[in-house]
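Below you'll find the structure, written out as structure tokens, and then a few comments.
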2 protein chains.
Amino acid sequence: MSSLLELRHLRTLTALRDAGNLSRAAELLNLTQSALSHQIKLLESVYGGVLFERKSTPPRFTAIGARLLELSDLLLPRVDAAELDLARLAAGTAGQLRIAVECHTCFDWLMPAMDAFRDRWPEVEMDIVSGFNPDPVGLIHQDRADFAVISEPDDIVRGVDFHPLFRFEIVAILARGHSLVDKPWLEAADFAGETLITYPVSDEMLDVVRQVLIPAGITVQRRSTELTVALLQLVASGRGIAALPLWAVKSYLDRGYVRSCPIGPGGLHGSLYGACASQLSTSPYVTDFVRLMRENCFLSLPGITLL
Amino acid sequence: MSSLLELRHLRTLTALRDAGNLSRAAELLNLTQSALSHQIKLLESVYGGVLFERKSTPPRFTAIGARLLELSDLLLPRVDAAELDLARLAAGTAGQLRIAVECHTCFDWLMPAMDAFRDRWPEVEMDIVSGFNPDPVGLIHQDRADFAVISEPDDIVRGVDFHPLFRFEIVAILARGHSLVDKPWLEAADFAGETLITYPVSDEMLDVVRQVLIPAGITVQRRSTELTVALLQLVASGRGIAALPLWAVKSYLDRGYVRSCPIGPGGLHGSLYGACASQLSTSPYVTDFVRLMRENCFLSLPGITLL
DNA sequence: GGCCGTCCATGAAAAAAGTTCATTATCAGC
DNA sequence: GCTGATAATGAACTTTTTTCATGGACGGCC
């Protein structure tokens, strides 16, 4: 009888457009692909026609789908703004967010997320805490930071909550003519005798070292540099190999500047979590920050998976 | 985790404002008062505060409630417009709607509803069929009308669907000094010896005659006039009594121009239905027309109940 | 003050959605 | 013709929404 269209459906439509396909859209919305498929099927039966062409990537929307999408674009930002206002009404707008970061590459996506956050919560004071800290969770305990981006949630820590962010693959980066380049994957032994080119951080903060080389009892020479480009230049010119997040080097790989190779049969993966004092953890601006990071990253970093 | 606000909630909020209280809002939305109460309770727990003051009529909204209402006002018209577009896409915009009307007072609310309809479906040709027809359903069968407003659905008719509209009370209208004015209700016998002032229609179309006087075997003098004001003037000046829908005379009663009295212990009630050829019955513009009539009437006619 | 009538709240039960699971279908790229 | 990725599907399951039945609060009215 009366309309059964709900915001949920519009959220699905925009997620579909933004994510590029139903499965990714489902991941973005924390639902299953099946759920979205059913949702869309329902809409299609109500409006008497398909909403988008299934085979094409990115999805091509029909007139019906496009009209609904147009509606979504009109509505969802308003809803978001209203909920932001309501969150402010409930909890006030002030606060601080001192962010500690453990990993180098994080800045690539953290900055855009912080920019988006600043737009939404202008009154929250944001800071990056010092350089790269080996124990960011410690900083939270000492109340020297409010939020930390870390790679593995330490065992359950009293008073600190962990928010899963995303998971990504770490690949070995090789010069184009490198002898290992045609292996289906690299094993620990392949690193022996190579120079490992890294960011200037301590051993235990490098996933390859911690998860691959140390378990295999292999030590390698290290050479370090600050910038990703510089690091890749060293690899490309044959000074050694690197191990970096796939998303961080994807564009160089696509252009053929360097080559990549999975590490281990299933690939080597890293995960990122946000850590935060339990009391702050439920504050609207923190949950909003976490959401922003997840969504921004999922849409902008290729090949990552939400946790 | 993610937002649970849905259009349903916004529809409830605006219905609450428009209808004036939760029970009426529920009626407007075809839900129970309880459902709405639960909905609002949920919103209040999510946003951490009440949405409106319960005791006041009309409802006074809090900052939270007002912000949500503001959102509703922004969103719901857009949703409506989109669904209208989609209905057009699905079924085309053309069509005709020849409307037959059985009762006199119907025009009071039918005209505004038709105006609203014309705005939404400019391509649908609307007409009022002739004067007051004693058998509007017959006109539909003869394909001389597409839609009829009738007081009781004839027994199930093949090929014609009935859409319940609303129910209202018919009260007796008396001059201020009339001897019957203090009775708790009028019975059939009270009409004996009175002149019944009516619109110029045949006996069987008058609910009082059909449902009260004929069953009691009472006949009365009749005098008729076209206009409601004229009719009330005759009553006020002691020429007789009338029986009219409460909503049609409410404003005169409030001003004390005439008095009213229920007819029978439980009051006399009339109901209105829309009748329509079965094939047309599901066409988007017809269902839209029915919805418009129900909603407009419920909001503008005092004391009516939706069926 | 007691009695109604109206309006809203509430908890439990019922109904209706919405979602997931497990599996199958489709199709593009090798 | 495989294989991997994407979407569809039906049934089971879960969650949400709604109703039902009832009670409390308030205001008007003899």
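Quick note on labels: first sequence line is chain A, next is B, and so on, each numbered from 1.
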Spacing between [X] atom [atom1] and [N] atom [atom2], to the nearest angstrom:
X       : N      : atom1 : atom2 : value
B/Asn30 : C/dA16 : CG    : P     : 15 Å
A/Arg11 : C/dG18 : CZ    : C1'   : 15 Å
A/His9  : C/dT19 : NE2   : C1'   : 12 Å
A/Leu51 : D/dA8  : CG    : P     : 11 Å
A/Leu22 : C/dT26 : CG    : C1'   : 14 Å
B/Leu16 : C/dC8  : CG    : C1'   : 11 Å
A/Leu42 : C/dT19 : CG    : P     : 11 Å
A/Leu29 : C/dT20 : CG    : P     : 10 Å

Does A/Ser34 get its side chain close enough to the base of D/dT9, under 3.5 Å, for a donor-acceptor pair?
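Answer yes: a donor N or O sits under 3.5 Å from an acceptor.
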
Look at the side chain of B/His38 and the base of D/dT19, then say whether one donor and one acceptor between them are separated by less than 3.5 Å.
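Check passes, donor-acceptor contact within cut-off.
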
Enter the distance from A/Leu5:CG to A/Leu7:CG here, rounded to the nearest 0.5 Å.
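If I round to the nearest 0.5 Å, the distance is 8.0 Å.
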
Nearest 0.5 Å please: distance from the SG atom of A/Cys261 over to the NZ atom of A/Lys183.
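Rounded to the nearest 0.5 Å, the SG-NZ separation comes to 8.0 Å.
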
The side chain of [X] lies closest to which of these nucleotides: [options]?
X       : options               : value
B/Leu31 : D/dA7, D/dT19, C/dA9  : D/dT19
B/Ser37 : C/dC8, D/dT18, C/dT20 : C/dC8
B/Lys41 : D/dA8, D/dA7, C/dT10  : C/dT10
B/Phe52 : C/dC8, C/dG18, D/dA8  : C/dC8
A/Thr32 : D/dT6, C/dT19, D/dC20 : C/dT19

With nearest nucleotides of DNA chain C determined for A/Leu4 and A/Lys55 from heavy-atom distances, which residue corresponds to the more 5′ nucleotide?
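Going by which nucleotide is closer to the 5' end, it is A/Leu4.
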
5'-most by nearest nucleotide on DNA chain C - B/Thr57 or A/Gln33
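On the 5' side of the pair lies B/Thr57.
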
Pair B/Arg78 + A/Asp73, salt bridge at N-O below 4.0 Å
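Not counted as a salt bridge, because no side-chain N and carboxylate O are separated by less than 4.0 Å.
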
A/Asp80/A/Arg120 ion pair, N-O < 4.0 Å:
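Yes, charged N to carboxylate O under 4.0 Å.
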
Under 4.0 Å, counting only non-hydrogen atoms across every strand here, what does B/Gln39 touch: a base, just sugar-phosphate, or nothing?
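The answer is sugar-phosphate, as B/Gln39 gets under 4.0 Å only of primed atoms, P, OP1 or OP2.
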
Ignoring backbone atoms, test whether A/Arg54 places a side-chain nitrogen or oxygen under 4.0 Å from the OP1 or OP2 oxygen of D/dT6.
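Looking at the OP1 and OP2 atoms of D/dT6, neither is under 4.0 Å from any side-chain N or O of A/Arg54.
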
Determine: side-chain N/O of A/Asn21 to OP1/OP2 of D/dA7, distance under 4.0 Å, yes or no.
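For D/dA7, OP1/OP2 do have a side-chain N/O of A/Asn21 under 4.0 Å.
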
What about B/Trp109 and B/Phe166, are their ring centers closer than 6.0 Å?
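Under 6.0 Å, so yes.
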
